[in-house]
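Taking it in order: structure first as structure tokens, then the write-up.
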There are 2 protein chains.
Amino acid sequence: MFNRELVKGSTSLLVLQLLTERDMYGYELVKEMDNRSDHNFQIKEGTLYPALHKLEKQEYIECYWEKQTKGPARKYYRITTEGQSILDEKTSEWYRYVQVMNSLIRRNES
Amino acid sequence: MFNRELVKGSTSLLVLQLLTERDMYGYELVKEMDNRSDHNFQIKEGTLYPALHKLEKQEYIECYWEKQTKGPARKYYRITTEGQSILDEKTSEWYRYVQVMNSLIRRNES
DNA sequence: TCATAATACCTCAATATTCTAGGTAGGTGA
DNA sequence: TCACCTACCTAGAATATTGAGGTATTATGA
């Protein structure tokens, strides 16, 4: 697991990115991030649900309920057109951020 | 400038790294980060000074005053041995974090 | 001379995100 | 029946950052 503060702010980027692949529900997103990151990103439900609600309010994602024959109903989320373009922005911001950070922390081992 | 939240948690890493090059004072660190990052990391004094105090309390850095013939005295910081080893940890954490993030956000453009 | 700006330190309230710890409810298996 | 998993949720505490303010010294230019 990473430092809590370091990871702050990357949740929305990850959620939007995963939703470009397929519609997903909250509980699924938690498990998916955990699995795909080899347990490095163990985002908690207490973090994800409020984050989803904010993204929905911003109209970057939208939701629909799907009843299950087995188990509780699921609230699926799908990314909107606006969400897609915000994702593009966030993604390029991420790459710029990494580039700047790397140039700053790379040891001057001459 | 980057998103406020994305950058959270990288301040201590940057401070420790810069101090491996030479001892610096707070005001200098602010300007230095701004310059080196092409104005992408405009860390504010209200962020840096408390961050320095925390690092000092953790004994990752230590300070000494230096009077100037011109202008106000400067509080210089130097990295400690413990700070150096924490920096190593934080640096490798950073690289792991970037790797995991990249593997998650890289579009599956097959 | 006097006002302004730069240097150099500092604190505090507001904001945003995350986590911990709880809660509700449906369904499964021993 | 009881424990567990699925699946949703919220509230309070902790943390980092920022904006806005403060103090003090020195330099600059009108």
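The analysis underlying the following values was restricted to heavy atoms, covering all of them including side chains, and did not include hydrogens, waters or symmetry mates. Quick note on labels: first sequence line is chain A, next is B, and so on, each numbered from 1.
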For a quick check of understanding: with a heavy-atom distance under 4.0 Å over all strands, which category does [X] fall into, base, sugar-phosphate or nothing?
X       : result
A:Arg4  : base
B:Ala73 : sugar-phosphate
A:Lys54 : sugar-phosphate
B:Glu28 : nothing
A:Gly46 : base
A:Gln68 : nothing

Side chain of [X] - closest among [options]:
X       : options               : result
B:Thr47 : C:dC19, D:dT17, C:dC9 : D:dT17
A:Ile43 : C:dC10, C:dC19, D:dC8 : C:dC19
A:Pro72 : C:dG26, C:dC9, D:dC8  : C:dG26
B:Tyr27 : C:dT7, C:dG27, C:dT18 : C:dT7
A:Tyr49 : D:dC8, C:dC19, C:dA8  : D:dC8

Measure from [atom1] on [X] to [atom2] on [N] and round the result to the nearest Å.
X       : N      : atom1 : atom2 : result
B:Leu48 : C:dT11 : CG    : P     : 12 Å
B:Tyr97 : C:dT18 : OH    : P     : 10 Å
A:Leu52 : D:dC8  : CG    : P     : 9 Å
A:Glu32 : D:dA7  : CD    : P     : 13 Å
A:Trp65 : C:dG26 : CH2   : P     : 12 Å

When only distance counts, do a donor and an acceptor, one from the side chain of A:Lys8 and one from the base of D:dT15, lie under 3.5 Å apart?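 It does, because a donor-acceptor pair links the side chain of A:Lys8 to the base of D:dT15 below 3.5 Å.
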Parallel, tilted or perpendicular: which fits the ring planes of B:Tyr97 and A:Phe41, with parallel below 30° and perpendicular above 60°?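 Rings of B:Tyr97 and A:Phe41: parallel, under 30°.
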For the pair A:Tyr76 and A:Tyr64, name the ring-plane relationship: parallel under 30°, tilted 30 to 60°, perpendicular over 60°.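 If you compare the ring of A:Tyr76 with that of A:Tyr64, the planes turn out parallel.
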Side chain A:Gln68, main chain A:Glu66, donor-acceptor under 3.5 Å: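 At least one qualifying donor-acceptor pair exists.
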Residue met sooner reading DNA chain D from 5', once A:Arg74 and B:Lys44 are mapped to nucleotides: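 The residue mapped nearer the 5' terminus is A:Arg74.
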Is the cationic atom of A:Lys75 (NZ for Lys, CZ for Arg) positioned less than 6.0 Å from the six-membered ring centroid of A:Tyr77 and within 45 degrees of its normal?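 Verdict for A:Tyr77: no cation-pi partner in A:Lys75.
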Residue whose nearest DNA chain C nucleotide is more 5′ - B:Gly26 or A:Ser10: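 Taking each residue's closest nucleotide, the earlier one in sequence belongs to B:Gly26.
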